[in-house]
Structure formats: C-alpha cells, structure tokens
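When reading the values below, keep in mind they use all heavy atoms of this one structure, side chains included, and skip hydrogens, waters and symmetry mates. By convention in this document, chain letters (A, B, ...) are assigned in the order of the sequence lines, proteins followed by strands, and residues within each chain are numbered from 1.
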Amino acid sequence: MTPPLLALQGVTKRFPVPAPLLARLGAALGRPVPDRAVHAVEAVDLAVARGEALGLVGESGCGKSTLGRIAAGIATPTRGAVLLDGEPVRVAGRKRTTRVQMVFQDPYASLDPRMRVGETLAEGPLAHGLTRASEARATIADWLTRVGLDPAAADRFPHQFSGGQRQRVAIARALAMRPDLLVCDEPVASLDVSIQAQIVNLFLDLRRELGLTMVFISHDLGVVRHLCDRIAIMYLGRIVEIGPAAEIATAARHPYTRALLASVPRLVTEEGDAPVLEPIRGELPSPLDRPEGCPYRTRCPLAVPRCRTEPPRLRALGPVEVACHRAEEVEGL
Amino acid sequence: MTDEPTLAVADLRTHFSTRAGLVRAVDGVSFTLGRGEVLGLVGESGSGKSITGFSILGLVDPPGRIVGGSVRYQGRELVGLAPRDLRTLRGREVAMVFQDPMATLNPMLTVGRQMDLVLAAHGRVRGPERRARCLDLMTRLGIPAPESRLAAYPHELSGGLRQRVAIAVALLNRPSVVIADEPTTALDVSIQAQILREMIGLVRETGVAMVWISHDLAVVSSIAQRVAVMYAGRIVEDGPVRTVLRAPRHPYTRGLLDSLPARARPGEPLAPIPGTTPSLLARPEGCAFHPRCARATELCRTLDPERRESDGHGFRCHHPLEAA
C-alpha cells in the first residue's frame with residue numbers, strides 16, 4: 001500500500017485564553033490558575049491519498065478551518081504531526097514546503113489590492129525559483145487560461161474583477177506554485193449560486209486535468225458531496241464520522257451527521273406541506289467548556305451513561321469510521 | 001376586513017445617483033401580500049431584493065431615492081409619508097429583520113432593556129405586561145433559558161441566539177408585516193432549521209405577512225407560499241412557490257435551479273448560468289438577461305418583455321419555457 005500524500009497524526013490545537021482578572025490576582029497571591037484554553041482541534045488522525053478529494057464538514061466553531069490551516073502548514077499544531085509524503089510540513093515553526101497551497105473564502109482579503117494580478121501570481125513561483133523571470137509571463141498566462149480567465153487579466157487589479165473571477169484568480173495563484181495538495185477553505189461560500197456552480201465545475205476540471213489532491217472545507221454538504229470522494233464530519237474539534245461521500249450523505253452512522261443532514265432544507269417542488277425540518281436539540285457547548293466523554297452527548301437522543309465517561313474513538317463500521325458507542329442503533333432514529 | 005391586501009407594492013422604483021452614473025437598483029417592482037402569507041423574494045447579489053425590502057420601510061438613504069411607484073400598507077400609501085409617520089409605523093405595523101442581528105441590537109444595552117424600550121416606544125403594552133410578552137416570544141422562538149437571556153448583553157450570546165433575539169424584537173409589537181432580509185444566511189443549518197420551524201409556526205398562529213428575502217431556493221421553498229424571482233432590479237418570474245420551482249417559465253429561474261449541486265450526479269459537471277450578473281450601471285438593452293440566455297433572439301435584444309400571466313404564474317420573457 002502506498003503511503004498517503006497527507007497524514008495528520010494526533011493533531012491537537014489549543015488556543016490559550018487569558019485568565020480573567022480575578023484569577024490573575026489570585027495567581028499573584030500564589031493560588032493555582034485554572035488552565036483555560038479553546039480546544040479547537042482534538043487528537044485528529046487523518047490520511048488523504050494522492051489524487052483524492054476529502055471534504056471537511058461541520059458547523060461554525062467545529063475546528064474545520066483550524067484543521068485546514070494546520071494541514072496547509074500555515075498554523076502549528078499544539079501537538080501532533082503533519083506529514084506530506086512522509087516529510088514534516090513545518091520545521092522549526094516555519095512552513096518548509098511549497099507543495100501545499102491554500103485557497104480562502106474571501107479572495108479580496110487574500111489578494112493584495114495594490115498588486116496587479118500578474119505580479120501576485122508570479123511572486124511565489126519567482127521567489128521559490130519555480131519559474132524563471134523570462135518565462136513568468138507565459139506561465140501566468142497559461143494558469144489564467146486554465147482557470148477560465150483571459151490572459152489579459154494579468155494587467156488588472158483585484159478590484160476590477162467580480163467575486164467569482166477573483167476566486168478564479170486566487171485559485172490560479174495557488175496553482176501557479178504547482179502544489180500537490182490544495183486546501184480550500186469555503187471557496188464558494190460567498191458566491192452566488194450560478195457563480196458557485198461555475199467554480200465547482202472548475203474544481204472538477206482541475207482535479208481531472210492535474211490529478212490534484214484536495215482538502216475541501218465547507219459547511220455545505222451538497223457542494224462537498226458533489227466534489228469529494230470522502231467526507232469527514234467534525235464536531236467540537238473532533239472527527240466524529242468519516243467515509244465515502246455517498247455513504248455519509250445517504251447512510252450516516254453518527255447521530256450528529258444524521259441530525260445535520262436532517263436540518264438541511266431541501267428544494268420542495270411537490271404540493272403539500274413542506275417536510276418538517278428537524279433542528280438539533282439543545283445548543284452547541286462552548287469550546288472552552290467541552291463536555292466530558294463524547295462531545296455530542298449533551299444533544300444526542302441516544303446518549304447513555306457510558307457516553308459521559310468514555311470518549312468514543314473512531315472505529316470501522318461497514319464502509320465508514322464512526323466515533324459513537326451506539327452507532328449500530330442509529331438506524332432507528 | 002376588506003379585500004385590500006396587507007401590502008401592495010406597485011411599480012416601485014428606487015434609484016441611486018452615483019458619480020459613476022444612475023443605478024436603477026429597483027426598477028418597476030410590483031407584488032401584493034395577504035394576511036398570513038409568506039412571499040419569498042429571491043435573487044442573486046445586486047438583483048435589488050434587499051433594496052426592495054428597504055424601500056418598503058422607507059429605509060433608503062441618499063444617494064438612493066424612491067423615484068416612483070407606490071407601497072400601500074392596508075390601503076395607506078407609504079411612499080412620500082412624513083418621516084415621523086413612517087417612524088410610528090415602523091416597528092409597530094411593519095418590522096424588519098436584518099441578516100446581521102447587530103443591525104437591530106444595541107451592543108450597549110441588555111437584551112431585556114432593549115426589548116422593553118421597543119415595547120415602550122409604541123406604548124401599546126403596559127409596563128408589567130412587557131416582561132411577560134418578551135419572555136413569551138423568546139420561548140416561542142426556541143431561546144433556551146429566556147429569563148437569564150434578558151440580563152445578557154448581545155455580545156454574550158451566540159450568533160444564532162442573537163438572531164433569534166433580533167427576530168423577537170421585530171415581532172414584539174405584533175406587526176402585520178415583517179420584512180426579513182436573509183435572516184438565516186449567516187447561520188449554521190441546524191440553527192436555520194430551528195428558526196424556519198418557529199417562523200412557520202408563528203406565521204400560522206399570528207397571521208403576520210412576511211417578505212422573506214433570500215438567495216436560497218430550498219429555504220424559500222420550505223417557508224414561502226409564493227415566490228418572486230428578481231434579476232437586475234425587476235421581478236422576472238412570480239407565482240406559487242412549488243409551481244415556479246417545479247416548472248419555471250423564465251430561463252433565469254431554470255438556470256438558478258440547474259446550478260444547484262443536487263440537480264446533477266455527484267462528480268458530474270453542473271450547469272451554471274454563463275457570464276455574470278450585469279452591472280446596474282449598464283443594464284443590457286431589451287431583456288436584461290439576454291446576454292446570458294440560450295434562448296435569446298433579436299427581439300430580446302431590443303424589446304424589454306412585459307409581464308405575462310397564466311394561472312397566477314407570471315413571467316417576463318419573450319420565449320418562455322413550456323408550462324408543465
């Protein structure tokens with residue numbers, strides 16, 4: 001078996017939160033300070049094969065963006081390792097490879113407004129010696145064409161493009177670095193539906209033409225199911241279920257995945273009452289104060305005492321892996 | 001009760017004079033809304049759907065101006081009404097929910113204090129009853145532990161709770177019409193599902209009429225009875241929501257539906273609408289959609305289509321798709 005292109009091993013990320021004033025005063029008097037930290041990502045193991053597209057799905061605050069940034073090597077995990085082809089992505093606190101690139105939700109924030117698109121696209125490849133100055137212009141023109149833009153776009157500034165075109169520029173910029181792995185964080189979330197479809201098609205084409213490996217972060221299960229081979233569902237910093245996209249979308253085994261799918265509104269075109277949407281009961285716990293045991297147990301209709309005491313680990317169940325003690329009983333939900 | 005609709009918008013035009021030229025953001029929008037009815041106002045960015053909502057409430061700031069048309073609320077003309085009279089009406093008869101709840105909420109006041117102020121401003125509920133009214137609405141909107149939320153400041157609440165509080169504020173004075181501008185767009189699906197469910201219930205119980213502005217066809221098909229699809233400042237198609245989404249007559253509506261990933265097999269290319277929405281500074285001649293339309297002919301390039309209607313299903317297109 002060939003090793004995965006991307007491997008995350010036991011990745012944990014905590015963001016320390018400054019102690020409140022009283023606790024700090026107490027510390028000055030010698031009292032112990034409670035350890036306060038947001039557990040953004042907790043002990044995640046993940047492998048992405050070459051050529052595969054993995055979707056990372058979850059609601060706000062589940063840690064999917066943090067995990068994406070760690071996978072892309074632009075954030076350091078508190079614990080754990082990120083390996084690309086067996087080599088660490090970061091060494092001594094710095095990103096050591098150009099083979100992972102990232103595309104963000106807001107291209108306007110990720111493109112320098114004062115640089116022409118051509119300069120932005122050429123900057124990385126020139127700095128890393130991937131392109132010679134004499135060839136840069138031709139290379140840039142090629143990438144712009146590949147993402148569906150006119151090569152003349154190189155002479156324009158980001159504000160002269162529409163939102164969809166700007167996202168194409170951001171994708172071209174990432175691709176010009178010739179990455180093996182592209183991490184995309186909600187790349188179509190702020191685009192109109194018709195434009196979103198254009199960008200989804202672009203990703204499908206690029207995957208086919210370049211054999212790109214992708215980690216695709218999104219809250220939109222529809223888009224992820226369309227683009228990705230596998231889907232990982234995150235809840236409060238953990239992967240609670242992972243498996244082939246079709247399995248997750250139609251036969252999920254984790255109660256949270258089920259609940260998430262049930263709350264997505266469907267396009268209703270038949271007469272009669274709209275299907276009742278089933279919201280997930282309760283509120284999302286604060287990541288500062290995560291429940292012991294299974295993070296989902298406070299909202300789970302299947303929770304039993306064991307869920308409080310024993311955190312479920314990911315285990316194989318049919319074609320998926322699921323972190324739930326009672327996954328076998330989910331069918332009855 | 002007369003047959004007068006709760007809200008009747010006719011040929012509404014809101015234009016912005018900018019240095020770059022005249023922007024016809026809303027250019028001849030008409031619709032009516034009856035008691036207990038939800039109209040989904042759908043469109044992409046820049047289609048004019050939000051400005052339509054703001055215009056109804058007289059919330060358009062310069063350089064924007066309502067340059068024509070009428071907005072009648074229970075038979076009373078709102079366009080040209082004195083700002084003072086509009087203020088009395090807003091929040092009491094016609095209320096608005098914004099995409100960002102902080103457009104409604106004051107960060108300096110506790111939730112309880114601002115809800116109380118909203119009730120006091122319109123003076124229809126006496127002091128002791130106000131707290132009960134607030135708690136009742138918060139409970140109905142699925143806000144857990146409403147008592148303790150009254151003492152909280154907006155920043156202490158999650159995004160979903162904040163939006164539910166903003167909706168409660170809009171409903172406090174039991175308005176007859178609510179304009180909701182993308183109220184669930186920024187929220188997670190599970191919170192959205194909860195708000196949609198509570199809103200559907202509230203509309204049934206109270207008979208409030210609602211304009212639900214959204215870009216999300218699935219959301220609109222769950223909550224609205226009728227839909228109006230906007231493109232470049234105009235309603236290009238309108239009618240019963242299920243009929244329109246099942247068998248659209250306008251190629252633009254068809255294009256929106258075909259862009260949805262659910263319409264294609266996973267991994268297969270989607271069918272997006274080619275091109276981009278036109279700049280309102282340079283609205284195409286004739287039918288504004290013709291540069292992106294596969295059915296466009298010379299006629300579409302020169303003559304703006306009038307609205308046609310069959311069985312309450314209206315569309316502005318020279319070459320409509322077949323009826324179902």
Among residues 187-194 of chain A, which residues come closer than 4.5 Å to chain B, judged by heavy atom distances?
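Heavy-atom contacts from residues 187-194 of chain A to chain B are Asp192(A), Val193(A), Ser194(A).
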
Considering only heavy atoms, give the residues of residues 55-68 of chain A separated from chain B by less than 4.5 Å, sorted numerically, with 'none' for an empty result.
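The stretch touches chain B at Glu59(A), Ser60(A).
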
Check whether [X] gets within reach of chain A through its side chain, its backbone, both or neither, counting any heavy atom under 4.5 Å.
X         : result
Arg292(B) : side chain
Leu161(B) : side chain
Thr243(B) : both
Ala264(B) : both
Pro240(B) : neither
Leu245(B) : both

Quick check on the interface: out of [options], who has the most heavy-atom pairs with chain A under 4.5 Å?
options                         : result
Pro269(B), Ser279(B), Ala218(B) : Ala218(B)
Arg197(B), Gln194(B), Glu44(B)  : Glu44(B)
Leu270(B), Ile223(B), Leu187(B) : Leu270(B)
Gly267(B), Gly275(B), Ser222(B) : Gly267(B)

Are Arg225(A) and Pro261(B) side-chain neighbours, meaning at least one heavy-atom pair lies under 4.5 Å?
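No; the side chains remain at least 4.5 Å from each other.
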
Side chains of Val268(A) and Arg242(B): does their closest heavy-atom pair fall under 4.5 Å?
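Yes - at least one pair of side-chain heavy atoms lies under 4.5 Å apart.
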
Do any of residues 249-259 of chain B have a heavy atom less than 4.5 Å from a heavy atom of chain A, and if so, which, in residue order?
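Leu256(B), Leu257(B), Ser259(B), listed by number.
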
Chain A neighbours within residues 140-149 of chain B, where any heavy atom lies under 4.5 Å away
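Checking residues 140-149 of chain B against chain A gives Pro144(B).
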
Output the distance between atom [atom1] ([X]) and atom [atom2] ([Y]), rounded to the nearest 0.5 Å.
X         : Y         : atom1 : atom2 : result
Gln192(B) : Leu277(A) : CD    : CG    : 8.0 Å
Leu157(B) : Glu283(A) : CG    : CD    : 10.0 Å
Ile191(B) : Ile280(A) : CD1   : CD1   : 8.5 Å

Do you know which of Asp216(B), Val219(B), Leu260(B), Val220(B) makes side chain to side chain contact (heavy atoms under 4.5 Å, CB included) with Leu267(A)?
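Testing each of Asp216(B), Val219(B), Leu260(B), Val220(B) against Leu267(A), the sole residue satisfying side chain to side chain contact (heavy atoms under 4.5 Å, CB included) is Leu260(B).
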
Which region of [X], side chain (C-beta onward) or backbone (N, CA, C, O), has a non-hydrogen atom less than 4.5 Å from a non-hydrogen atom of chain B, or is it both or neither?
X         : result
Glu270(A) : both
Leu227(A) : neither
Val200(A) : side chain

Between Ala197(A), Ala246(A), Gly222(A), the one whose heavy-atom pairs under 4.5 Å with chain B are most numerous
Ala197(A)

Just wondering, are more than 12 heavy atoms of other shown residues or ligands nearer than 6.0 Å to CZ in Arg266(A)?
no

Counting distance only, does the side-chain N/O of His226(A) pair as donor-acceptor with the main-chain N or O of Glu268(B) below 3.5 Å?
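Side chain of His226(A) to backbone of Glu268(B): a pair is present.
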
Can you tell me if Thr269(A) uses its side chain to pair, donor with acceptor, with the backbone of Arg246(B) under 3.5 Å?
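Answer holds: no.
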
